[in-house]
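What follows is a short report on a single structure.
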Amino acid sequence: MMDTNSSIEGYLFCIAPVRQGGGGNQLIQTFCVLSGRQFSQWRHKGDLVPLRSGVLDLDHHVEDTGRQIVDTKILYTIRLYSIMDLTKEVLMGAESAEEIAEWFKAFACSLGKPLEIRPDTWPTSASIQIGCFTEPLWGGSSPTGMDVESPLIQREKTRSYNSLVTIGPETPLLSKDFSSGGTADLQSVSPGVVPKWSLVRCENGLRFFEETSDFLFRYKLPVTKAVGVVKAPADQIFNLIMDYGLERHQWDHTFRSASIVETIDGHSDVLYLCLRQDWIWRRPRDFCLSRYWKREDNGTYSVFYRSVSKMPLQPGYVRAYIRSGGYIVTPLKSGASGKPRTLVEFVLEMNVAGWSSLFGIGLCTYPVHLRNSLLSVVAGIREYVAAQRVKSSLTIVRRHSMEYMDNHMQQGNSNTGETFVVSIPFLDNEELDEFHDANMDQLSEWSEVLSKYQNTSPAGCIMRTSSCPQHGIFDMPYFRGSVPRGPLDGGQHCFSEPEGSNFLVKGSNFFHTGSRVAAGEPLCKLVAVDWLKGKDRMDHVAGHPHSLVQKASFNGELFFFVINLQVSYTLNYSLVFYFVTNEEILEGSLLHQFIFGDDTFRNSRLSLIPAIPEGSWIIKQAVGSRAVPLGQILDASYHVGFNYIEIDLNLGSSGVVRGVMGLVFGYISALVVDMAFFIRCDVEEELPERLIGVGRLARLQMDKAVPPLAGI
């Protein structure tokens, strides 16, 4: 985990558009230094002057943009961008997913720190002029930084969210039962969502499991997985799985050829895969698969597959289908020899199609043969890695950590002995022609940016509180959205409220014991849900004159928390949760700070615990059941009225979330999804954590979404 007072440096590729020639990207290798909220890029380590430098502003965000191919080089990338101007961005990459994950953690940690003082209040010194760089680039700050105690390099005392966060469990659900050593991490995990597996056989050093079924006679292949341990780093195995080049023939005996049909983003693509003919008189199979991958902050990689119809049938092949499946690659503790060890799991739920599938698995053995043949490639990975005499996972990136002194940094940065403290926002500094054309605005007004992010309570906004003894008692028929209320189990296109005790949160003694406790009764009651669709994105639904919130404005005892989950699919959809409370909200409490605080504070605290009580394996793995810091990974906007706060979350603003939603929409009519929203506690005085509200959506129907005016 990244220490809140540590910095990071190392080589990264900067991916910039080609300025001459009309298209494509070019790679520029730069030496990067991140210290607190100060970020600099240097052409070479040891240069006197950086290419550009600046502070990470309040409107700067970082996004994991996944795996990309640039100039035939496979890179794992992150994007630093401004939410105020999306044209201002920097795309950086490394050849190792582990390297870029460490940089992502560092940026996420830095962006979670408070920006305590405006740069124009810093002490200034003599301007510098070296080559073409003049005072406007550096804003008059000290070129050495040793005589000026900048607020950006002071020891910061505020705790921040300082870990790489991805959607999904820290330890895969399937790994909790069978991985060697250690137990499942209980951080905000919802109990009761782990599927039951039974061991069916051991073969060639692998264990094969089947998901248990309530049916005695089965006419389709059960969900099956193969589990094995490979003595290699997780990132090396992940790279083997993702690569469909010539090297794959060395370990995958089922593989014939593959091609990329469509690249969606750095985490998702569409793959066409042809298998070898391995059964006499049977035509070989092929697949058209949607592929999505992610990396957990504990180093676990997940690669998910499901069949899609984006490739016409090919002559000579039978199109087989994967309903859900994929790899989970989990690093284990090193053995006695000190060599890295990794648990590899390969799960398949498939239909081989053709005449073989019509006879049923009891009359034809080919479906079982093909499935087992595909699963056994885990042994091929193990043997191929073991046969490699030298297989280094080192990359060109070199990094180490530096620590802050109490008042000054250690002798400047390690590459020059000097520290450049630059007052302007990093993404507003566009002096380097190699990165971007010089045809955009160079500087932003700090007063305008700060005024947008240091919000106070809106004029005329008064907190309505009540000491009503009948907390949580509401006239339910009065609150009605476009999604009806239904039963907790077995519902169809409805919502309900599961027990808050199904979710684990930080208790009063968390910082002493590290253990979590079952959440109690949520602060708010879920009274209605809207499922809306339209051509345009639907923002600030609660402010509409005919919204449920406005209709209840006459009742000064109620306060609404409105969560608006926005996603673009064939149209723009909004899933709107209306939580309401009549409990008194005390001034100075964490909840009061969240309602009337600035967006930086809100983004650092708003969190969600998801769970999938009913759904396919691929969805359970992709969604996971760990707490997700929504404000850290999604673009969020907040609207505060006299009796409500609405939080609009753009699910399409994160590549990772877009990939998950692409999977979810394929199964949405068969899913039961639980969501628990809460405000994360960072210091002991704020404990215990309490849920804002919980909701369950059962088998939502896409065609039942309504236009905004009809819904509200």
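Note that these values count all heavy atoms, side chains included, but never hydrogens, waters or copies made by symmetry.
In this structure, K533 fails the cation-pi test against Y573, since its NZ or CZ atom is not both closer than 6.0 Å to the six-membered ring centre and inside 45 degrees of the ring normal. At least one cation-pi condition fails for K704 and W531: the charged atom is not both under 6.0 angstrom from the six-membered ring centre and inside a 45 degree cone around its axis.
With rounding to the nearest 0.5 Å, the separation of OG in S290 from CZ in F304 is 11.5 Å. The structure places CD of E345 at 9.5 Å from OG1 of T300, a figure rounded to the nearest 0.5 Å. With rounding to the nearest 0.5 angstrom, the CZ atom of F208 is 9.0 Å from the CZ atom of R371. Atom CD1 of I668 and atom NE2 of H493 lie 9.5 Å apart (nearest 0.5 Å). Note that CE of M538 and CG of L575 are 10.5 Å apart. Values are rounded to the nearest 0.5 Å. Here L630 contributes atom CG and R602 contributes atom CZ; the two are 15.0 Å apart, rounded to the nearest 0.5 Å.
Proximity of the aromatic rings of F561 and F559 is defined here by a centroid distance below 6.0 angstrom, and this criterion is met.
Shown here for I595 and I645, the closest heavy-atom pair between the two residues is CA-CD1, 4.1 Å.
Counting only distance, with no hydrogens or angles, the side chain of S653 and the backbone of L651 share no donor-acceptor pair below 3.5 Å. In this structure, the side chain of E646 engages the main chain of A542 through a donor-acceptor pair within 3.5 Å. Using modelled atom types, no side-chain atom of E210 and backbone atom of L199 make a donor-acceptor pair closer than 3.5 Å. Listed for the E63 side chain is a donor-acceptor partner under 3.5 Å among the backbone atoms of G655. Under a 3.5 Å cut-off, the side chain of E689 and the backbone N or O of K506 do form a donor-acceptor pair. With hydrogens and angles ignored, the 3.5 Å screen pairs no side-chain donor or acceptor of K294 with any backbone N or O of V303.
Looking at I264, I618, V660 one by one, the single match for side-chain contact (heavy atoms from CB on, under 4.5 Å) with Y292 turns out to be V660. Partner of W293 under the ring pair (Phe, Tyr, Trp, His ring centres under 6.0 Å) criterion, out of Y327, F238, Y305: F238 alone. Checking each of Q632, E686, Q593 against R605 for a side chain to side chain donor-acceptor pair (under 3.5 Å) leaves exactly one that passes, namely E686. Put simply, the residue from I633, V623, L606 that forms a side-chain contact (heavy atoms from CB on, under 4.5 Å) with V628 is I633.
A salt bridge links E614 and R699; the closest N-O separation between the charged side-chain nitrogens and carboxylate oxygens is under 4.0 Å. A salt bridge links K525 with E497: the closest approach of a Lys/Arg side-chain nitrogen to an acidic carboxylate oxygen falls below 4.0 angstrom. Salt-bridge formation is not detected for the pair K225/E349: no Lys NZ or Arg NE/NH1/NH2 atom is positioned less than 4.0 Å from an Asp or Glu carboxylate oxygen. Using a 4.0 Å cut-off between a side-chain N of Lys or Arg and a carboxylate O of Asp or Glu, D265 and R658 qualify as a salt bridge. A salt bridge does not link R480 with D530: none of the charged nitrogens is closer than 4.0 Å to a carboxylate oxygen.
You'll find the side chain of F678 reaches within 4.5 Å of the side chain of I609, heavy atoms only. With a 4.5 Å cut-off on side-chain heavy atoms, N351 and L221 do not count as touching. Within the 4.5 Å cutoff, the side chain of E296 has no heavy atoms near those of the Y301 side chain. With contacts defined as side-chain heavy-atom distances shorter than 4.5 Å, the pair F577/L697 qualifies. The side-chain heavy atoms of Y667 and R323, taken from C-beta on, include a pair separated by under 4.5 Å. You'll find the side chain of L558 stays beyond 4.5 Å of the side chain of N643, heavy atoms only. Annotation: side chain of R696 is not in contact with side chain of F495 (no heavy-atom distance under 4.5 Å). You'll find the side chain of P613 stays beyond 4.5 Å of the side chain of P498, heavy atoms only.
Defined by atom type and a distance below 3.5 Å, a donor-acceptor pair is present between the side-chain atoms of S568 and N572. Under 3.5 Å, the side chains of R485 and S496 contain no donor-acceptor pair of N or O atoms. In summary, the side chains of N509 and E684 do not present any donor paired with an acceptor at a separation below 3.5 Å, with no hydrogens or angles considered. Side-chain contact, D648 with N564: a donor N or O sits under 3.5 Å from an acceptor N or O.
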- Message: Could you walk me through whether H639 and D539 satisfy the side-chain hydrogen bond (donor to acceptor under 3.5 Å, both in side chains) test, starting with their C-alpha distance in whole Å, then the side-chain angles of each, then the deciding distance to 0.1 Å, before giving a yes or no?
- Response: CA-CA 9 Å; H639 310 278; D539 297 324; 5.8 Å; no
Test side-chain contact (heavy atoms from CB on, under 4.5 Å) on I322 and L348; report intermediate values, then the result.
CA-CA 7 Å; I322 293 180; L348 277 179; 3.8 Å; yes
Could you walk me through whether S324 and R306 pass side-chain contact (heavy atoms from CB on, under 4.5 Å), step by step? CA-CA 5 Å; S324 67; R306 69 179 180 91; 5.7 Å; no
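Aromatic ring orientation, H540 versus Y644: tilted (interplanar angle from 30° to 60°).
For E499, the CD atom counts as loosely surrounded, since its 6.0 Å shell holds 12 or fewer non-hydrogen atoms of other residues, nucleotides or ligands.
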